[in-house]
There are 2 protein chains.
Amino acid sequence: MSAGDVADDLREELSARQVDLVRVTYRLIATRGIRRLSLQEIADAAGVSKALLLYHFGRKEALVLATMRWVLVSAERHIRRAIDGARTPDEAIDAMVDAIFTSAEENLRFYRTQLDLLDHALDQRDDHFERLSLSYRTIVNALYEEVVSRGVRAGSFQARDVAEAATVLRAIVDGLFLQWLQEARPADAHSRYRDVCKRAIMAYLRDPGG
Amino acid sequence: MSAGDVADDLREELSARQVDLVRVTYRLIATRGIRRLSLQEIADAAGVSKALLLYHFGRKEALVLATMRWVLVSAERHIRRAIDGARTPDEAIDAMVDAIFTSAEENLRFYRTQLDLLDHALDQRDDHFERLSLSYRTIVNALYEEVVSRGVRAGSFQARDVAEAATVLRAIVDGLFLQWLQEARPADAHSRYRDVCKRAIMAYLRDPGG
DNA sequence: TCCGGCTGTCTGACCGGTCAGTCAGGAGCC
DNA sequence: GGCTCCTGACTGACCGGTCAGACAGCCGGA
């Protein structure tokens, strides 16, 4: 699969009205999770009728899919900007982790959405979600690989296999978020997890001889 | 919270019949996820009536809870045995990861269940699932801490903070499983992820001076 | 040995509620 | 009139949970 195909999978044309509705949907995901979120609840929150959602998106699944696409595109852009602005490999890691750990509120929404996406993707019946999940994973892994390989070339990082290192970085980030989500008071623990994440990645990548 | 409290949360008395039903339920989770699994489907798979499930467990939630408890207790015992049999810190990591990466089929079931547990735990309304999730997390983290601190005392591992290292180990394991779950052909990738897991943990813990 | 009552296990039929999706039609605008 | 945007009322499917009662085994008494 080429990068073009992946990007195509994420690209989508949404009208201004649709973006409004997608935004409302996204805001609600954190509290209930998509599965428990009825169209009626979304409609109420948006101040419109339930039928309007179906008018604009046809099916609930399409609304959910559009919401996820919208979120993932934003996330990718956000991380991309962060690493592009960094001048050294260490700075890139720092900026990237900062870009990922934005705020407790935002991360709660984002990872809840990610979990919902995974849930849908694991349902093999649903090809759309599976492909969306794959697209996002491919894109993000490429970002991680870029950061690692820059560091390896600069002699700051050690990695026997850049792709594997990217996978591990991804695992550290996602795994920490999984635990963070379960904290009794996520907001209080947010900055601590961000620091743990930075230290863990550095410990993993740091060249002992460097 | 003392270790006793945690263990109490996991302990439960199940009749032989209940264990039968729990086993059937667990077997079905991998394919559909608990949420999409109706009592009728479980009953059909078990060859009994739906009403029987309610007779033995009262509510669907209780059946799900019992299934999760049963699975988590088994998992904890399994890991515990693995690390107890190891003679060196490196061997302990190796045995532990092997104990976690049992087989593609089993891991699919287990992590699907974990995701379902997380999903329920994030629904703040549901105190039972939140506490079960906490109990399991506490127990597993203690196991990880034990392995790390043994290695630190033996001079094999380096860790500025044992609890933090345990968190990171957990993140690596869980994060890798998250990605493994999304692989196109999980069965084929299983042993590769297991090896990546071992290497990642070793790279993270390895004392550069050792 | 037979009988009547009791208990624990199990079931089919049914109920109430929820929810995605349909449809006929209204309001404003060109 | 025709178009887009929008709505309230409705439908059909599904699902968790209830309930009255069936059935088998057991126990104590005659």
Side-chain angles (χ1 to χ4, degrees), chain A residues 12-29 31-69 112-113 116-117 119-121 123 125-129, chain B residues 12-29 31-68 112-113 116-117 119-121 123-129:
Chain A
E12 198 185 20
E13 56 301 322
L14 290 179
S15 68
R17 196 73 174 105
Q18 281 179 313
V19 172
D20 287 346
L21 301 173
V22 155
R23 254 191 253 265
V24 171
T25 304
Y26 182 49
R27 210 181 312 136
L28 287 178
I29 287 178
T31 54
R32 316 255 298 126
I34 286 177
R35 179 129 262 140
R36 302 176 207 251
L37 201 58
S38 69
L39 288 175
Q40 192 59 62
E41 283 175 280
I42 301 172
D44 289 348
V48 299
S49 74
K50 187 185 67 170
L52 184 68
L53 299 174
L54 278 319
Y55 170 75
H56 278 296
F57 292 96
R59 293 167 305 152
K60 182 188 183 184
E61 189 191 43
L63 168 60
V64 171
L65 207 51
T67 304
M68 287 175 172
R69 279 213 191 90
R112 182 79 195 217
T113 307
D116 280 334
L117 172 57
D119 185 57
H120 279 90
D123 241 18
R125 284 183 313 230
D126 232 324
D127 197 30
H128 296 109
F129 288 98
Chain B
E12 196 185 22
E13 55 301 323
L14 290 179
S15 69
R17 197 72 172 103
Q18 282 179 313
V19 171
D20 287 346
L21 301 173
V22 155
R23 255 191 254 264
V24 172
T25 304
Y26 182 49
R27 211 181 314 135
L28 288 178
I29 287 179
T31 55
R32 318 253 300 123
I34 286 178
R35 176 135 275 140
R36 303 176 208 251
L37 203 57
S38 69
L39 288 175
Q40 192 60 60
E41 283 176 280
I42 301 172
D44 289 348
V48 299
S49 73
K50 187 184 68 171
L52 184 68
L53 299 175
L54 278 319
Y55 170 74
H56 278 296
F57 292 96
R59 293 167 305 149
K60 181 187 183 185
E61 187 191 46
L63 168 60
V64 171
L65 209 49
T67 304
M68 287 176 172
R112 182 79 195 215
T113 308
D116 280 334
L117 172 57
D119 186 55
H120 278 91
D123 241 19
Q124 44 268 52
R125 283 185 312 233
D126 231 324
D127 197 30
H128 296 108
F129 289 98

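Quick note on labels: first sequence line is chain A, next is B, and so on, each numbered from 1.
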On a heavy-atom basis, the closest approach of A/A45 and A/L28 is CB-CD1, 3.7 Å

Between A/F57 and A/A62, the two heavy atoms sitting closest are O-CB, 3.2 Å

With sequence neighbours left out, the residues meeting salt bridge (charged side-chain N to carboxylate O under 4.0 Å, His left out) with A/D119 are A/R35, B/R36, B/R112

From CG of B/L53 across to C1' of C/dG12 the rounded distance in Å is 15 Å

Contacts of A/A46 meeting side-chain contact (heavy atoms from CB on, under 4.5 Å) (sequence neighbours excluded), chain-then-number -> A/L21, A/V24, A/V48

From CG of A/L54 across to C1' of C/dG21 the rounded distance in Å is 5 Å

From CG of B/D44 across to P of C/dT11 the rounded distance in Å is 11 Å

The side chain to side chain donor-acceptor pair (under 3.5 Å) partners of B/E61 (sequence neighbours excluded) come to B/R59

Under a 4.0 Å heavy-atom cutoff, the residues of residues 32-40 of chain B touching DNA chain D are B/L37, B/S38, B/L39

Sequence neighbours excluded, the answer for side-chain contact (heavy atoms from CB on, under 4.5 Å) partners of A/T31 is none

TODO: Check whether any side-chain heavy atom of A/K60 sits under 4.5 Å from a side-chain heavy atom of A/I42, and report yes or no.
DONE: no

With sequence neighbours left out, the residues meeting ring-ring contact (aromatic ring centres under 6.0 Å, His included) with B/H120 are B/F129

Residues pairing under salt bridge (Lys or Arg N to Asp or Glu O under 4.0 Å) where one sits in residues 42-56 of chain A, two or more places apart or in two chains, turn out to be none

Those residues at least two apart in sequence (or on a different chain) that pass side chain to side chain donor-acceptor pair (under 3.5 Å) with B/S49 are none

Applied to residues 18-29 of chain A, the salt bridge (Lys or Arg N to Asp or Glu O under 4.0 Å) test, sequence neighbours excluded, yields A/R17-A/D20

Heavy-atom contacts, protein to nucleotides 24-30 of chain C, under 4.0 Å, summarised as B (base), S (sugar-phosphate only) or - (none) per nt, yield -------

B/K60 NZ to D/dT18 C1', in whole Å, measures 17 Å

To the nearest angstrom, the CD-C1' distance between B/E61 and D/dC15 comes to 16 Å

If you restrict it to nitrogen or oxygen atoms, what contacts under 3.5 Å exist between nucleotides 6-9 of chain D and the protein, and what is each distance?
{"unit_1": "D/dC6", "atom_1": "OP1", "unit_2": "A/R17", "atom_2": "NE", "d": "2.9"}
{"unit_1": "D/dC6", "atom_1": "OP1", "unit_2": "A/R17", "atom_2": "NH2", "d": "3.4"}
{"unit_1": "D/dC6", "atom_1": "OP2", "unit_2": "A/H56", "atom_2": "NE2", "d": "2.8"}
{"unit_1": "D/dT7", "atom_1": "OP2", "unit_2": "A/S49", "atom_2": "N", "d": "3.0"}
{"unit_1": "D/dT7", "atom_1": "OP2", "unit_2": "A/S49", "atom_2": "OG", "d": "3.0"}
{"unit_1": "D/dT7", "atom_1": "O5'", "unit_2": "A/S49", "atom_2": "OG", "d": "3.4"}

